[in-house]
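Bear in mind that the values here come from a model prediction, so they are computed numbers and not experimental data. Because only heavy atoms are used, hydrogens play no part in the values below, and waters and symmetry mates are left out as well, while side chains stay in.
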Amino acid sequence: MPELSSAPSPSARPERPAPSRRSWHRRAARPVTWWMLALIVAVLVHPWIPQSRWLMVHMVTLGLITTSIMVWGQHFTEALLKTRLGDETRARQVTRIRLLTAGIVVTIAGMLPSWPWLVLLGALMVSAALVWYAIALGLQVKAALAPRFVFTVKAYIAAASLLPLGAVLGSLLAFEAGEPWQGRLLLAHQILNVLGFVGITVTGTLLTLWPTVLRTRIDLPVARRAAHGTTGMLIGVLGAVVGALLGSPMVGVIFLLAYAASFGWVVTTLVRLSIQSARQERTVPLPRFPLLSIAAGVAWFAVAQLGLLTLWWRHADSLLSSSLLAADVQQLTAPFVAGFLLQVLLGAMSYLLPVTMGGGPRALKGSLGMMSRFATARVLAYNLVVALVVLADADGTVADGAFSVLTLGTAQIADVGSWTRILLSLLGFVVLVSFLVLMMLAVRASVRLRRESLPTPGIGAPSASTPQASPAVPAPSATPATSATPASSKPPASPAESTVNRRALSGVLVGIGSVLGVTALGTSLDRSLGTGVGGDDGAGVSPAGSVTPTGETTTIAVSMAEMRFSPDVLEVPAGDSLVIELSNDDEQDVHDLVLASGVSSGRLRPGESTTVDAGVIEHDLDGWCSIAGHRAMGMTLQVITGERGSEHDHAANTTGADELARIPLDLQSAPGAEHTLYDARLPESSGPEQRLTLEAVDVPAEIAPGLVMDAMTYAGTVVGPVIRSQLGARLTVDLVNHGAMGHSLDLHAGQVAPDQAMRTIAPGESLEYAITTDHAGAWLYHCSTMPMSVHVSAGMLGALIVPPAGLAAADREYVLVQSEHYLVPPGAPGAAETLHEGALPVSSAKIAAEQPDATVFNGHATQYLDAPLVAKVGERVRVWVVAGGPSRGVSFHVVGAVFDTVFKEGEYLLAPENENAGGAQVLDLASAQGGFVEMVFEEPGTYTAVNHSMVEMERGARALITVTD
């Protein structure tokens, strides 16, 4: 077996190197054990932990993986560079790991209660530990004399340099930037940390660890050639991160292909080493668990890369900013974390821990054997569990077929509900816990065998007169490999080999049988209890009732398009389980399906599909699309059993809150601290050529003190930015949809065919809308996607100002856009169907009944009471007014002032200095009309601009103007 000895430095004290080295390993590796135990606790209590999924993932990636890399990276560096650091450096190394552990704890402490600044502090502490680690390795490289395997250590340094950037990007996710940045940051974060830091570190390590585990040799030139792959992987990571942050799928996919090709270059060498090892004669079997676990982890890493490539390539025809959302990226968490990271870590530790314990060949063989107990069954069962869980969340016939093959035709994805997921997860958890159990047994076995056996000179055991050198990790030899015996000339299998083969076959049967048994039990429970396919929270369980389940399943395909479900009446025998094969065949809009029982499909973009398990149907159920306004436009369905639901059934699905109840407003308070004052000043002209971008985004927006609306907006504000153009100018607007549903744009000042310019674009898409502003006026722009009233009421409107020719300059110019808003009352049906916690959705019922809750200027009822508009005595003040709607007009009046100029819908109603000395008291505008008024204040004081339709003023259509000398 090839071995890279760690020759002691001249200054080292020969009498104590081994105990010092082992002592350092014990102290440095303690956090790894702590994180393993903490992970077990987290898994057991995760239903009661906020953000438990995030917590468990980061316990693995930061706690287990990152800490292990720092421990074993230092160990391998010393072995590969043939250096030995002095004992005085061990304390610094332990301190570095403690800094890392503290940073992880601080990060978790900030993430669970959602304290983003604490998360950022933790990320900086983690980054500091990794920078320290990279510098330390660099100094060791500089001090090494003619190191042969320096390329591996350089890979460690490059990989460690990536994690600080990945950690900072990850901390920014805690600030909830929203899409598109949430998806972009998460993708870049995972590329840097998983593909970069972990992927490059693991790949560089395998060039030396894999031949050691295989007990074969690798030529130094071969290792150096293969190591070029880690350089290609680094380039691929950096390019893919740029593609993620820029929102360019094409750039990302190109560099991911480069990364995959570079990884494949290294894997080719690893495969050749495996073949070389298989042809060698050996009397002692290879340690089975490290080989199987590491190989399975590498295979999952390749699969996860392919999955990311496929996922990203599917969105190459649209914008990354909205099409590849955070939820999309999270689909790869299981392959990367459970499939790749955990298996490589446990496989490597199952080999390295016995080696570092030392104790001679007998102790090493005994501890390695204990770590490999039931290896085939454990690895096979675990990988089948991960594969089935991943496939259960996938769509398409390929996933269905693969799931059927892995379960030997005994189950389909449609059979998988919450019980199946829970039982499969428990089986995988048991396999992982078995590693800890076997690790403790391996330690006991090593100690016992060391006590029982006499010291035997040779590999791994000290002679009677020579102190034992520290147990270095065996590394590849630079000498050519010994010639291998051809497979055809191998002697017949020995009894030991036959026993191993029988054990392997038994392990295969046990592994497959355990997974099939658990899957069969889970699907049986899902069918009998009616648990939903879409999750593991039990939300799909049918309420207990008098109907006896028939054990039969009714499957119905339902299409969503043009604000309709087709079919919209689903006939199901009472007691049958209902499975809905739901597809969004709409070319533009996002849709979903919500049943009155609580089962939901989740939002589907155009072209997407899913399977919804409605559970056992005991009575009639209503269903609808929960996207704002879609239900009001008739997007509903009914599940009919033939046994019409009782009044009790109906009452169970309703609440006592009146959906038309008026929401009280507090018009005496200041806006909330989160509200940003809308700048009412008319912007400067942008000249004859103007191009701008309007981004459709969903935000929680306060429209009155304490009243937050689940808003759809242009540029993040209820009432989008004021656009100013000039007569005859060319105006080009790039609309980018970052929202959760389809949106569009209608510029009233333009003369264009609406088919293309005003078409609805799906999330992630964009369009160019160009007009020439040939006519003067105060024009409305708004979203024209149906239901238009909902989109406008939700905040998607604004003003486009085109001043008339020869308009004299005014001392001050303001723009006020009136809009009315209709919200679902708390506790009423639909109040919880919101994208943002604490916000209220738009009420289609109130829009139809014309019962607004608030009528406001520029998106908020009291912002200009708290921060009034300003003017001075004698100044000419021009106020542009647009009645944005969706339904109400405005009778604009300024209390205490007289208008000497009135311009409405492209013409003067009252010209300045008219011969009749006439004045005006209001500018009356119907919905979507606009104009301006001018006045000169003669006395200082506070004036009030109102909608003189008094009921609208009392709903918030009011602004103060403070006039000073």
Side-chain angles (χ1 to χ4, degrees), residues 114 116-117 172 174-182 321 663 665-684 692-724 735-736 738-740 743 781-783 791-801 812-821 823 834-842 853-870 879-882 884 945 955-962:
S114 298
W117 289 106
L172 296 180
F175 289 86
E176 297 183 357
E179 299 296 355
W181 283 107
Q182 202 74 1
S321 56
I663 298 176
L665 301 179
D666 178 7
L667 299 181
Q668 306 305 314
S669 298
E674 299 298 320
H675 176 72
T676 300
L677 180 70
Y678 187 101
D679 189 351
R681 294 174 297 177
L682 179 68
E684 297 292 331
L692 57 92
T693 299
L694 282 182
E695 298 184 346
V697 293
D698 302 319
V699 298
E702 184 183 88
I703 59 171
L707 182 59
V708 179
M709 177 174 68
D710 201 21
M712 311 174 203
T713 70
Y714 294 116
T717 58
V718 174
V719 176
V722 175
I723 303 172
R724 178 173 178 172
L735 177 66
V736 182
H738 297 326
H743 290 301
Y781 69 82
H782 64 92
C783 180
H791 288 244
V792 173
S793 177
M796 300 197 78
L797 73 162
L800 167 57
I801 306 300
R812 298 181 190 270
E813 290 189 77
Y814 295 110
V815 181
L816 296 177
V817 180
Q818 178 185 283
S819 57
E820 72 263 18
H821 303 282
L823 303 180
T834 175
L835 293 175
H836 304 95
E837 184 177 353
L840 294 175
V842 175
D853 293 296
T855 305
V856 302
F857 289 145
N858 290 352
H860 197 283
T862 67
Q863 61 181 335
Y864 300 128
L865 307 184
D866 183 66
L869 308 179
V870 296
V879 181
W880 298 82
V881 183
V882 175
R955 292 191 184 111
R958 190 159 58 117
L960 298 182
I961 305 174
T962 299

Can you label the angle between the His791 ring and the His743 ring as parallel, tilted or perpendicular, going by 30° and 60°?
-> perpendicular

dist Thr713:OG1 -> His738:NE2 (nearest 0.5 Å) comes out at 10.5 Å

Would you please test Val722 and Leu682 for side chain to side chain contact (heavy atoms under 4.5 Å, CB included) and show each step?
-> CA-CA 7 Å; Val722 175; Leu682 179 68; 4.2 Å; yes

Tell me, do Gln818 and Val881 make a side-chain contact under 4.5 Å, heavy atoms counted?
-> no

Does Tyr678 reach the main-chain N or O of Tyr864 with its side chain, forming a donor-acceptor pair under 3.5 Å?
-> no

When rounded to the nearest 0.5 angstrom, what distance separates OG1 in Thr717 from CG in Asp679?
-> 11.0 Å

Do the non-hydrogen side-chain atoms of Met709 and Val842 ever get within less than 4.5 Å of each other?
-> yes

Before giving the answer on side chain to side chain contact (heavy atoms under 4.5 Å, CB included), spell out for Leu816 and Asn858 the whole-Å C-alpha distance, their side-chain angles and the decisive distance to 0.1 Å.
-> CA-CA 6 Å; Leu816 296 177; Asn858 290 352; 3.8 Å; yes

Going from CG on Leu707 to CD on Glu702, what distance comes out if it is rounded to the nearest 0.5 angstrom?
-> 8.0 Å

Just how far is it from atom CD of Gln863 to atom CG of Leu869, taken to the nearest 0.5 Å?
-> 9.0 Å

At their closest point, which heavy atom of Leu667 faces which heavy atom of Gly956, and how far apart are they?
-> CD1-N, 4.0 Å

Closest non-hydrogen atom pair, Val697 against Ala715 | CG2-C, 4.3 Å

Between atom CD1 of Ile801 and atom CD of Glu813, what is the distance when rounded to the nearest 0.5 Å?
-> 9.0 Å

Qualifying residues under ring pair (Phe, Tyr, Trp, His ring centres under 6.0 Å), relative to Phe857, sequence neighbours excluded = none

Taking the side chain as every heavy atom from C-beta outward, state whether Glu695 and Tyr714 have any pair of such atoms under 4.5 Å apart.
-> no

With sequence neighbours left out, write down each residue that passes ring pair (Phe, Tyr, Trp, His ring centres under 6.0 Å) with His821, or none if nothing qualifies.
-> none

For Gly798 and Val719, which heavy atoms make the closest approach, and how far apart are they?
-> CA-CG1, 4.3 Å

Note: Leu694 and Tyr781 closest approach over all heavy atoms is CD1-CE1, 4.0 Å

What's the shortest heavy-atom distance between Met796 and Ala696, and which atoms?
-> CE-CB, 3.9 Å

Here the pair of heavy atoms bringing Leu823 nearest to Asp853 is N-OD2, 2.8 Å

Is any side-chain heavy atom of Leu797 less than 4.5 Å from a side-chain heavy atom of Val882?
-> no

Starting at OG1 of Thr862, measure out to CG of Asp666 and round the result to the nearest 0.5 Å.
-> 8.0 Å

Contact check, side chains of Ile663 and Leu840, non-hydrogen atoms, under 4.5 Å = yes

